[in-house]
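Here is the structure we will look at, set down as structure tokens.
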Amino acid sequence: MTTTTEHPHTWTAEALADGLATDITVGLTDAEVAERRSEYGENRLRKEAREPAWRKVLRLLADKMTLVLVAAAAVSAGVSREWETPVVILAVITFNTVINYVQESRAEESLRALRSMSVDSSRVRRDGQERYVERTELVPGDIVLLEAGDAVPADGRIVQAARLQIAESALTGESQPVTKTADPLDDPNLPIGDRTNMAFMNTEVTRGRATMVVTGTGMSTEIGTIASLLGTAGVDKTPLQRRIDQLATLLTVIAIVVVSIVFLLGLLRGESWSELLLTAVSLAVATIPEGLTAVVAFTLALGASRLAKRGAIIKQLAAVETLGSTTHIATDKTGTLTLNEMTVRKLVVAGHIYRVTGSGYSSDGKILSDSEDALPDFRRTFLAMSLCNDASVNDGVLVGDPTEGALVVLAEKGGIDVVGARANHPRLAEVPFDSDYKFMATFHESSLPGTGPYRCYAKGAPGVLMSRATMVRTSEGDRAITDEDRDLIATAVDELAHEGLRTLMIAGTTLSDLPDESSLFDAVDNLAIYAVVGILDPPRPEAREAIATAHEAGIGVHMITGDHLTTASAIATDLGIEGEPLSGGTIDDISDDELRARAAHFGVLARVAPEHKIRYVEALQANGEVVAMTGDGVNDAPALKQADIGIAMGITGTDVSKGAAKMILTDDNFATIVSAVRDGRGIYANIVKFVKFQLTTAWGFVLIFLTAGITGIAGGAPFTALQILWVNIIMDGPPALALGVDATEPGTMKQKPRSPGERLLSRNRVLRILSLAIVMTVGTILTLVFADDIFPDSARDPLFAGTLGFTTFVFYQVFNLLNVRSDRGSVFSLQTLTNQAIWISLVAVIVLHVAVVNVGFLQDLFDTTSLTATEWLYAVVVASSVLVVEEIRKAVVRAVWRL
């Protein structure tokens, strides 16, 4: 097999095809593709090297908190000359390292899974048929079909081009899109930026369409050459992770100050400095929130993975936390609020309206007239629909644009063999559709009687083509258009729009000569209007419920569409979207201040241009709103970047829109956005739960040791170093991590969005943490003081009071873990039973603690003694006080909230 590709920009299209052993009109066969893939490999850039396990472990061991633990072990071994404490501290180091290693690994795997789920596809020509294939499957010699919005999937030679422009800033730094042609170039040493007949991987098609022969894939592309020279960059932390880091630093400073005070108080009482040093280090380890950042990263990555399974792929972890703050969703209509299964329902020809039966992309259906007259001859109209069209429908399966698919189906219902028509009337030139001028036109040789040698067929927005029309098609033939014709057509378009139908005009003209490429756009003139079609895209059944849910959650929903205002308003009303309607033309007449003041009150924005979308998003953001914006086209990309959360469509979305977005919907469904917002709120809530739980434990330790240090209770050191470390292991480990997978509370979407600037430790949360820490402190201190009086039979054992106080404090954490799972919901509800991981971890904690208290060698290790059933019951009852206090608070909150 010969696959010569050196200096492909100097080759003619035919010579290059021969050199690559391919056929531009047919493409490669599946067998040829398989053979070449085995030779060239997958079309992907080399993956970044994974950090070896040993290096990851060393990095974790080098963490500052781990080094503190190592110092504690060294101090214990050198000062006390006992093996128990150093061994347990080393066990703590091992445990923390394993937990952090597992957390990091799971987070990395989740992110890799997200990347693999967002693999894009390309439209190719293989075995004479057009199909979509994953870009990783492309090989040299593949024929790729590109259009506006596509990212170029590999390096290739352009062999056909129509008004083609490609943005190459990602490769060359050139800010303006480059106009491309299919003409061969002479100089083999041209710089990349001057190779105007080449398309390069990861650049973006901004206008027109092209056929490209792949000449390089993977690391053999120009971008691959650059990638091989670069190292891998670290992943930026999200705003929440940065706030967590700042919080951890602040709490560390506070903890060190408190620990220093406890140490000094102990020295003043004459305690051994070596024992105090060991206790102080252990207390520092227990009170400094060293696990916060790891848990946040783990929870965010786990949440992103969960969102992906529900159809929302998160490209940036920051979007996970921002989702919960969303206050407005500006959504596209087609395919998002609707099914994107276009079906022509009405056909308007020469002032007469005809009904079309059938649905979807099946050709079963008929064209019906309300009168008894025979149907006129629609063949030329249907021929225009077939030829000015890039979609194909095979056995009900659409390849291409849904609107074009609806025209193909209508033509087939009218008796046209679309495949045969295209074979008999090959396309000679075209003006691709562009949102700037809102039409598409194709040029063909004409074999129809009474026409010139060439025909131009066009389809597009009725108003645009009407302005270029001088004729109208009637049953007697074409005649000059009159003002009355224009009024009739405008009225018909308006009526269709009021019915919620999208309107599209079909037109054509005769040409004596085929224009050159520079004159094609101007040649779309002197058109004869053939027909106007009314296309229905049914609303998604689940969209109404999702919009209602969003409204209940305090989120404004706004439909932004290119449809007529009347069409969009009819659909918006049907879906339950509230607010005033606004057209793009009217936006131009509104000042920025007025738009900002009224932005939240608009429900529908119709006939909008890209600049209108950006203005609208900016107006909402100027009021402090957090905006999620959906889009699928090239023209949506600027607004997607401007929005707080840009959401691209995974099915219909262009590569440009996906590149600009932070989230991609795999099902193009509005309901998925609302579900993602709900999950985003839940993920943030889980992080807050962990923070509250860990800080309550840490501040409980701090207050207990401060109280004991000041009063001298329990000799100023209520718990031994190993007991402190034990609580740190069993409660900051699996039980706390289980909070990260807690289900989103049922009433989450009945609450208003949280402020994006909300502090993680708000005033109310700080007060709650302190109040619960005080409850723990009071209960534990009272137990230490009065244990011997309450249980005189056990008072002879010097370890009894400490063991009972230690056990009480552990059970405080058990009950508090249940407390933090909901801000308002009672523990005594079915919601409490939803997280199996929490219950398994709590049972494990209790079993382990029972062993610490009752098993002989563990008693020696942790300085504990056995407790009776009554004493265990006492510890549980006292510890439950933290649950009682929190249940009373929640009941008051629920009562106030209902008011």
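The residues of the chain are indexed from 1 along the displayed sequence. Only a predicted model underlies this, so the values are computations on that prediction, with no experimental measurement involved.
- Under the 30°/60° scheme for interplanar angles, the aromatic rings of His9 and His7 are found to stand perpendicular.
- In this structure, a donor-acceptor pair under 3.5 Å is present between the side chains of Thr510 and Arg455.
- Atom CG of Asp186 is surrounded by 12 or fewer heavy atoms from other residues, nucleotides or ligands within 6.0 Å.
- Annotation: side chain of Glu445 is in contact with side chain of Leu428 (closest heavy-atom distance under 4.5 Å).
- Heavy-atom contacts from other residues, nucleotides or ligands closer than 6.0 Å to CG of Asp436 number more than 12.
- Under a cut-off of 6.0 angstrom, the local environment of CZ in Arg131 is crowded, with over 12 non-hydrogen atoms contributed by other residues, nucleotides or ligands.
- A donor-acceptor contact shorter than 3.5 Å links the side chain of Thr509 to the backbone of Asn526.
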- Task: Go through the steps for Thr403 and Arg502 under the test side chain to side chain donor-acceptor pair (under 3.5 Å), then give the verdict.
- Result: CA-CA 10 Å; Thr403 300; Arg502 180 182 179 184; 2.9 Å; yes
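- Using modelled atom types, one finds no donor on one side chain facing an acceptor on the other under 3.5 Å when comparing His444 with Ser446.
- The closest side-chain heavy-atom distance from Thr338 to Thr336 is not below 4.5 Å.
- Contact of the Thr331 side chain with the Ile560 side chain is not registered, since no non-hydrogen atoms from C-beta on lie closer than 4.5 Å.
- Of the candidates Met212, Arg135, Glu204, Met201, Met212 is the only one forming a side chain to side chain contact (heavy atoms under 4.5 Å, CB included) with Val152.
- Both cation-pi conditions hold for Arg468 and Phe521: the charged atom is under 6.0 angstrom from the six-membered ring centre and inside a 45 degree cone around its axis.
- To the nearest 0.5 Å, atoms OG1 (Thr630) and CG (Leu665) are separated by 8.0 Å.
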- Going through the distances and angles, do Asp390 and Arg209 end up as a salt bridge (Lys or Arg N to Asp or Glu O under 4.0 Å)? CA-CA 11 Å; Asp390 290 307; Arg209 68 175 73 248; 2.6 Å; yes
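- One side chain, Asp516 or Ser519, offers a donor N or O that lies under 3.5 Å from an acceptor on the other.
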- Item | Intermediate values then yes/no, side chain to side chain contact (heavy atoms under 4.5 Å, CB included), Glu147 and Val205 | CA-CA 6 Å; Glu147 58 185 15; Val205 180; 5.8 Å; no
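- Using modelled atom types, one side-chain atom of Asn43 and one backbone atom of Pro153 make a donor-acceptor pair closer than 3.5 Å.
- Using modelled atom types, one finds no donor on one side chain facing an acceptor on the other under 3.5 Å when comparing Asp127 with Thr29.
- Rounded to the nearest 0.5 angstrom, Ile166 CD1 and Lys180 NZ are separated by 5.5 Å.
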